[in-house]
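One structure below.
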Amino acid sequence: MQRYFTTFYITEIDLPEAGRVCDALQPEWANLRFFTGSRPKAWIEGGCRIEGARFVATGPSNRSANFELGKSRFWGIGLLPLGWARFVGLPADQHANLIADGHDHPAFARFTALADSLFSTDGDEQAELERIMAFFSALPELDPAEEARILAIHSALVDPLVASVGELVERVGIGQRTVERLCMRDFGFPPKLLLRRQRFMRSLAQFMLDRSLKWIGAIDGHYHDQAQFIRDFREFMGMSPRQYAALPHPVLELFMQERARVHGAAAQTLDVPAGTAPRAA
């Protein structure tokens, strides 16, 4: 099952009764998040907004997702593009930059049974994890040929040596039109934008893991100059790098550091699909 998911993770936020915490997520793959306790306010930068949902579903994004949350316990399930293809099975580009109440949105209707039965009354994490695994294991599998093509594209996207659509197409070994169609259908965006997002996320993750580098030391080598990075930052995060660095990130900063320590990648978009490995830079 590993090749379908980024991670399953359980998070507990402990605050005074009226306390709230705010943070902003970076661009990422699709996610399913199930809450008990406080329910979030959440919104995509420049897009839709929800409040009070027990089941928050997001599509693949190239924008910041903001949230405000009180004392809560929640499970998060990150869907890699292969997971989106198998478990959602709808065009990802039609659900890009979407945040929705999963109980109300038809794209996520099959997951409401999990949302309604997930949490144990005694907070038994292992029992809850087993429910998640049993639920996804029972869903129909993809055609192996389709899986292979999605994995090939994903493997090329996360390789820091692949910097252009031409290099991506050459690495995957199928026609450019087919690559473009599969990227839209299963990844949510055209290949050129996906490569830009990877370049940006490598830079942002490096900064979040080691702020002593400053932005100039964290910028990915595929950027031509700092101005190009700043343009991407404004497009993807809705603010400048300086504005972002000045904001507190009480949830995300700790989460990224722990994710890098345990999982090997600080952000979802940097996860290597199962069975593949990036080439050394």
Side-chain angles (χ1 to χ4, degrees), residues 1-15 21-35 40 56 58 60-61 64-67 69 71-83 123-130 132-133 136 151 154-155 157-161 197-222 233 236-237 241 244-281:
M1 298 291 284
Q2 182 179 350
R3 64 190 183 277
Y4 302 107
F5 302 100
T6 60
T7 50
F8 299 157
Y9 56 93
I10 181 72
T11 303
E12 296 189 31
I13 296 178
D14 191 7
L15 293 167
V21 64
C22 300
D23 212 332
L25 304 174
Q26 320 105 330
E28 57 182 9
W29 299 124
N31 279 269
L32 312 172
R33 295 183 174 97
F34 306 97
F35 293 83
V56 177
T58 59
S61 62
S64 172
N66 308 280
F67 67 89
L69 184 63
K71 184 174 182 179
S72 181
R73 181 171 179 268
F74 67 92
W75 277 97
I77 298 171
L79 295 177
L80 290 170
L82 191 65
D124 185 339
E125 290 181 13
Q126 185 59 39
E128 291 167 356
L129 177 60
E130 289 173 1
I132 293 171
M133 291 297 296
F136 283 102
L151 286 173
H154 194 172
S155 178
L157 279 174
V158 298
D159 188 337
L161 293 181
R197 192 183 70 165
Q198 289 301 117
R199 178 181 63 183
F200 170 74
M201 284 305 304
R202 289 194 296 266
S203 307
L204 182 55
Q206 185 72 7
F207 174 79
M208 294 293 283
L209 292 177
D210 185 2
R211 291 198 175 212
S212 69
L213 292 172
K214 310 297 185 183
W215 287 117
I216 193 65
I219 293 175
D220 188 80
H222 288 301
F233 207 107
F236 292 136
M237 299 300 294
Y244 183 84
L247 293 173
H249 299 285
V251 176
L252 190 65
E253 194 157 13
L254 292 174
F255 184 82
M256 290 181 74
Q257 291 170 357
E258 187 66 7
R259 196 182 195 282
R261 185 185 71 82
V262 173
H263 196 60
Q268 276 194 351
T269 49
L270 304 181
D271 282 345
V272 176
T276 69
R279 298 184 182 184

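Source: prediction; values computed, not measured.
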Show your working on side chain to side chain contact (heavy atoms under 4.5 Å, CB included) between Leu79 and Phe5 and close with a plain yes or no. CA-CA 5 Å; Leu79 295 177; Phe5 302 100; 3.7 Å; yes
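- Here the shortest heavy-atom pairing between Ala205 and Leu270 reads CB-CD1, 3.7 Å.
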Step by step, would you call Trp215 with Leu204 a side chain to side chain contact (heavy atoms under 4.5 Å, CB included)? CA-CA 8 Å; Trp215 287 117; Leu204 182 55; 3.7 Å; yes
Run the numbers on Phe67 and Val56 for side chain to side chain contact (heavy atoms under 4.5 Å, CB included), then give the verdict. CA-CA 11 Å; Phe67 67 89; Val56 177; over 6 Å; no
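- Note that CD1 of Ile77 and OH of Tyr9 are 9.0 Å apart. Values are rounded to the nearest 0.5 Å.
- In plain terms, the two heavy atoms of Asp271 and Ala265 that are nearest each other are OD1-CB, 3.3 Å.
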Can you check side chain to side chain contact (heavy atoms under 4.5 Å, CB included) on Leu25 and Leu252, steps first, answer last? CA-CA 7 Å; Leu25 304 174; Leu252 190 65; 3.8 Å; yes
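- Here the straight-line distance linking atom OG1 of Thr269 with atom CD of Gln198 works out to 5.0 Å at 0.5 Å rounding.
- A distance-only check finds a donor-acceptor pair linking the side chain of His222 to the backbone of Pro160 [under 3.5 Å].
- The distance from the CG atom of Leu82 to the CD atom of Gln2 is 12.0 Å, given to the nearest 0.5 Å.
- For the pair Ser61 and Arg197, the tightest heavy-atom approach, listed with the atom from each and the gap, is O-NH1, 2.7 Å.
- Between Asp124 and Glu128, every side-chain heavy-atom pair lies at or beyond the 4.5 Å cut-off.
- The salt bridge (Lys or Arg N to Asp or Glu O under 4.0 Å) analysis of residues 200-214, with sequence neighbours excluded, yields the pairs Arg202-Asp220, Arg211-Glu253.
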Please walk me through it: do Arg33 and Glu28 pass salt bridge (Lys or Arg N to Asp or Glu O under 4.0 Å)? CA-CA 14 Å; Arg33 295 183 174 97; Glu28 57 182 9; 3.2 Å; yes
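- Remark: Gln268 CD to Met201 CE distance equals 9.0 Å, nearest 0.5 Å.
- When all heavy atoms of Pro273 and Leu151 are compared, the closest pair comes out as CB-CD2, 3.7 Å.
- Contact record, Val21 with Pro250: CG2-CG, 3.4 Å, taken as the closest heavy-atom pair.
- Distance alone, capped at 3.5 Å, places no donor-acceptor pair between the Ser72 side chain and the Ile13 backbone.
- Taking the six-membered ring for Trp, Tyr244 and Phe207 have ring centres at least 6.0 Å apart.
- Between atom CG of residue Leu129 and atom CD1 of residue Ile10 there is a gap of 9.5 Å, rounded to the nearest 0.5 Å.
- Proximity of Met237 to Pro27: side-chain heavy atoms (C-beta onward) are separated by under 4.5 Å at one or more points.
- Interatomic distance, His249 NE2 to Gln26 CD, rounded to the nearest 0.5 Å: 8.5 Å.
- Between the side chain of His263 and the main chain of Thr6, a donor-acceptor pair closer than 3.5 Å is present.
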